[in-house]
Amino acid sequence: MLSKKMEDALNEQMNREMYSAYLYMSMSSFCTNKGLKGFANWFMVQYHEEMLHAMKFYEYINHQGGRAVLNTIQQPPSEFASPLDMFTKTLEHEQFITKSINELMELAIAGKDHATRIFLQWYVTEQVEEEGNDNEIIAQLQIIKDNPQGLMMLDRELASRMTTVPTEFSKGVEAAIKGTPAA
Ligand code: FEO
């Protein structure tokens, strides 16, 4: 059972996850247009991960007797100065998401909502991984600076990122809710 306050906060987070997907899809399109196929792949994989994050909220809210309510998704930026600019914005966005997950966790603890607290634990762990990935790529881009050869080498490396989101989406959501490594 969810309190109304918790249900509303979870719905807001579902929207933020969808915005995250939208943001990374926009970055992927930008990279494709600039001939950076590996970067485009990395952001498209990230798009799929974010949609899974959103769907987990959708499933959880409805399973707990609430109602997932879809809201307007904010328009993401479509122009970026450089790959470093994109990853700096990605990290800033993920830090914002980490903060909002922490606030949800505090709400669950204050409301003695242990089911939601356990559900949110997956996101706490996921955010550590996401920020870590972004920090790693930012560090590489800072070394590369304006070296096109270095940029193309990193582009090739990022081309190998594969999605961990199963093609059978509903099974992926089910597994993620149970905490098994589907994403
Ligand atoms: Fe769903 Fe990138 O956090």
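Remember, it's 1-based here, ligands and their atoms both numbered in the order they're listed. Side chains included, hydrogens not; waters and symmetry mates left out as well; all remaining heavy atoms used.
Distances from atom 2 (Fe) of ligand 1 show that Glu49 has no N/O/S atom below 2.8 Å.
Ion pairing between a basic and an acidic side chain is recognised when a charged N comes within 4.0 Å of a carboxylate O; Lys4 and Asp8 show such pairing.
Note: Phe80 and Phe30 meet the aromatic proximity criterion, with ring centroids under 6.0 Å apart.
Angle OE1(Glu130) to atom 2 (Fe) of ligand 1 to OE1(Glu94), rounded to 10°: 80°. Remark: at atom 1 (Fe) of ligand 1, atom ND1 from His53 and atom OE1 from Glu50 enclose 90°, rounded to the nearest 10 degrees.
Counting just the N/O/S atoms of Glu17, the one with the shortest distance to atom 1 (Fe) of ligand 1 is named OE1.
Judged by the 6.0 Å distance and 45° axis criteria, Lys34 is not positioned over the aromatic ring of Phe39.
With 3.5 Å as the limit, one finds no donor-acceptor pair spanning the side chains of Gln127 and Gln95.
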